[in-house]
Amino acid sequence: MIRKKGKAAIHPLSPARITAGSFLLVIATGTILLMLPFSSKGEPLSFLTSLFTATSATCVTGLTLIDPYTHLTFFGQFVLMSMIEIGGIGLLTFSCFFMISMRKKMTMRNLRLVQESTSSDSLYSTRSLVKLIIVTTLSIEAAGACIMATKLIPAYGAVGIWYSVFTAVSAYCNAGFDLFGMEGAYSSVISYQDDPVILFTIMALIFLGGIGFMVFQDLLSWRKRRHLMLHTKVVILISACLIVFGAAALFVCEYTNENTIGEMSLWDKFMNSLFQSVSARTAGFASIDIASMRDISKAIMIMLMFIGAGSGSTGGGIKVTTFAVLVSTVISVIRGRNDTVILGRRVHRAVVYKSLTIAILGMLVAAITAGIILVTMPDASGIDSLFEAFSAFGTVGLTAGMTLTLNTISKIAVIITMFVGRIGPMCFALAMILRQDKHSDEILPEGRIMVG
């Protein structure tokens with residue numbers, strides 16, 4: 001006898017809702033602080049502009065309606081950097097670290113929440129992972145700031161220290177905000193497009209911040225175990241392949257484009273192509289004029305932005321492991337396999353279903369946002385609207401020049417998309433659902449359906 005499906009209410013304090021709520025709390029606080037008169041150099045920011053900026057910073061995106069250097073005071077810039085750091089690492093992770101530092105006892109519920117937010121594989125490793133996240137983050141950011149300071153201090157004096165710290169935090173957290181507005185508002189790092197120290201340091205910070213904290217933990221424990229998890233191998237391998245592919249594709253497509261890399265030396269062409277390939281994987285820094293890129297190059301960057309960084313990292317997108325699972329599933333089906341196989345290992349079907357769900361939901365969110373932009377802004381370019389939408393979902397922050405022209409409805413759509421992209425479409429869906437199936441694992445009669 002087959003029972004009817006029942007519905008059970010979602011707990012109001014479910015992990016998904018607490019994760020979403022923690023980001024909303026940081027966004028709300030940041031919005032209020034940015035609206036204060038002493039946060040701005042001129043007129044105080046409006047509510048919508050502050051909300052957009054706070055969401056972009058907390059969701060480590062980088063899309064902005066203001067130039068941080070031109071519009072914000074030191075206090076405003078510090079608030080912005082704080083939101084980037086908290087958004088990149090996660091409020092729950094920070095809270096857990098302080099509790100551990102004060103030797104307070106962690107409840108099982110708190111550990112599970114942090115495990116969910118950090119993508120830890122077990123409760124046992126969550127404590128050590130939290131410590132590793134904080135120590136690793138501060139150490140890498142400090143190293144990056146010191147390297148960039150060798151260039152920025154001679155150029156700007158003592159204030160170059162602050163520029164170095166801000167840029168290091170923004171790069172490691174894959175945020176894309178910068179303080180190089182003194183070289184031209186919204187210019188990002190274009191003024192340093194021929195400086196290998198600045199560009200390669202930012203690239204290194206982006207890559208390290210985007211591979212995920214679980215990968216760090218696994219690499220550090222390699223001496224003891226003498227083997228790496230499948231997750232680590234996939235993240236490093238796919239990330240490297242995507243970076244090489246993106247750099248090569250952009251190099252070829254933009255080689256003769258005089259408005260981007262066409263008039264650069266061969267070395268600078270390679271360096272800037274590599275930089276934009278790395279940056280497109282959720283960082284948002286631009287060393288060339290994105291709006292002047294060819295449509296094929298923008299399409300390539302849309303793909304890179306959608307895939308994003310590693311799970312449990314400071315980056316966004318559907319994640320490289322999700323992409324790897326989907327591609328491996330297609331290959332496995334073509335080869336006649338019943339299971340998805342990656343590097344000689346079978347992947348559980350639940351992971352395949354989750355990957356497919358994340359990809360479809362992500363594509364749907366970005367497509368709807370692009371549609372809203374096109375409908376409300378009839379003069380908008382189709383490729384540029386898609387670029388803006390996927391940049392928001394992938395928490396990238398690159399723009400083809402549309403952000404400053406967005407109307408109110410489009411701004412709200414982009415704000416929601418950035419939020420969904422940061423917490424993840426699955427987490428957002430679970431946080432919004434009021435009821436769930438009580439018998440989700442119930443065995444039902446099999447039905448036949450033809451596909452293909």
Side-chain angles (χ1 to χ4, degrees), residues 12-69 71-99 101-102 110 113-114 116-118 130 133-134 137-138 141 162 165-166 169-170 172-179 209 284 314-316 392 395 397 408 411-412 414-424 427-428 431-432:
L13 295 179
S14 64
R17 288 182 174 175
I18 291 178
T19 299
S22 67
F23 278 95
L24 288 175
L25 176 62
V26 178
I27 290 171
T29 305
T31 300
I32 295 171
L33 292 175
L34 289 176
M35 289 177 66
L36 296 176
F38 46 83
S39 289
S40 303
K41 292 180 179 178
E43 288 291 322
L45 301 182
S46 66
F47 171 74
L48 185 58
T49 300
S50 296
L51 177 62
F52 191 101
T53 306
T55 303
S56 183
T58 305
C59 297
V60 290
T61 304
L63 292 175
T64 180
L65 301 173
I66 61 170
D67 179 73
Y69 173 82
H71 292 84
L72 298 180
T73 61
F74 174 77
F75 176 80
Q77 294 169 7
F78 182 79
V79 169
L80 193 68
M81 188 187 73
S82 299
M83 286 189 290
I84 292 171
E85 189 79 285
I86 294 173
I89 297 177
L91 182 61
L92 295 176
T93 305
F94 267 116
S95 301
C96 180
F97 176 75
F98 287 126
M99 291 183 71
S101 300
M102 292 184 290
N110 288 336
L113 287 172
V114 178
E116 185 83 13
S117 64
T118 58
V130 168
I133 289 173
I134 302 299
T137 296
L138 297 179
E141 288 174 349
W162 169 238
V165 171
F166 187 98
V169 171
S170 181
Y172 181 78
C173 291
N174 283 217
F177 284 95
D178 66 86
L179 296 178
T314 60
T395 68
T408 301
K411 288 176 185 176
I412 294 172
V414 170
I415 287 172
I416 295 173
T417 304
M418 288 190 291
F419 180 73
V420 174
R422 181 63 185 102
I423 68 173
C427 181
F428 180 78
M432 296 297 292

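All values below come from the heavy atoms of this structure, side chains included, with hydrogens, waters and symmetry mates left out.
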Check your understanding: Going by atom types alone, do Thr49 and Ser46 pair a side-chain donor with an acceptor below 3.5 Å?
Key ->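 Yes, a side-chain donor-acceptor pair sits under 3.5 Å.
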Point to revise | Positive for side chain to side chain contact (heavy atoms under 4.5 Å, CB included) with Phe419, one of Ile423, Ile415, Ile416 | key: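 The residue from Ile423, Ile415, Ile416 that satisfies side chain to side chain contact (heavy atoms under 4.5 Å, CB included) with Phe419 turns out to be Ile423.
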Exercise for review: State which residue, out of Leu48, Ile27, Leu34, Leu63, fulfils the side chain to side chain contact (heavy atoms under 4.5 Å, CB included) condition with Thr53.
Suggested key: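 Of the listed options, the one satisfying the test is Leu34.
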Rounded distance (nearest 0.5 Å) linking atom [atom1] of [X] with atom [atom2] of [Y]:
{"X": "Leu80", "Y": "Leu33", "atom1": "CG", "atom2": "CG", "value": "11.5 Å"}
{"X": "Thr31", "Y": "Met83", "atom1": "OG1", "atom2": "CE", "value": "7.0 Å"}
{"X": "Cys173", "Y": "Ile89", "atom1": "SG", "atom2": "CD1", "value": "5.5 Å"}
{"X": "Tyr172", "Y": "Thr314", "atom1": "OH", "atom2": "OG1", "value": "6.5 Å"}
{"X": "Phe177", "Y": "Gln77", "atom1": "CZ", "atom2": "CD", "value": "12.0 Å"}
{"X": "Asp178", "Y": "Tyr69", "atom1": "CG", "atom2": "OH", "value": "12.0 Å"}

Over all heavy atoms of both residues, which pair between [X] and [Y] is shortest? Give the atoms and the distance, please.
{"X": "Gly315", "Y": "Asn174", "value": "CA-OD1, 4.1 Å"}
{"X": "Ser170", "Y": "Gly176", "value": "OG-N, 3.2 Å"}
{"X": "Thr55", "Y": "Leu51", "value": "OG1-O, 2.7 Å"}
{"X": "Leu179", "Y": "Pro68", "value": "CD2-CB, 3.8 Å"}

Taking side chain as C-beta onward, heavy atoms only, is [X] less than 4.5 Å from [Y]?
{"X": "Met418", "Y": "Ser56", "value": "yes"}
{"X": "Leu65", "Y": "Leu45", "value": "no"}
{"X": "Arg422", "Y": "Thr61", "value": "no"}
{"X": "Met35", "Y": "Ser50", "value": "yes"}
{"X": "Ile86", "Y": "Thr58", "value": "no"}

Point to revise | Sidechain-backbone polar pair: Ser40 side chain, Leu72 backbone, donor-acceptor under 3.5 Å | key: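 Side chain of Ser40 to backbone of Leu72, a donor-acceptor pair under 3.5 Å: no, none is there.
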Practice item. Go through Phe74 and Trp162 one step at a time and tell me if the side-chain contact (heavy atoms from CB on, under 4.5 Å) criterion holds. Key: CA-CA 9 Å; Phe74 174 77; Trp162 169 238; 3.7 Å; yes
Check your understanding: Got a sec: does the CZ of Phe47 have more than 12 other heavy atoms crowding it under 6.0 Å?
Key ->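 Open.
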Point to revise | side-chain contact (heavy atoms from CB on, under 4.5 Å) between Glu141 and Leu138, intermediate numbers included | key: CA-CA 5 Å; Glu141 288 174 349; Leu138 297 179; 4.2 Å; yes
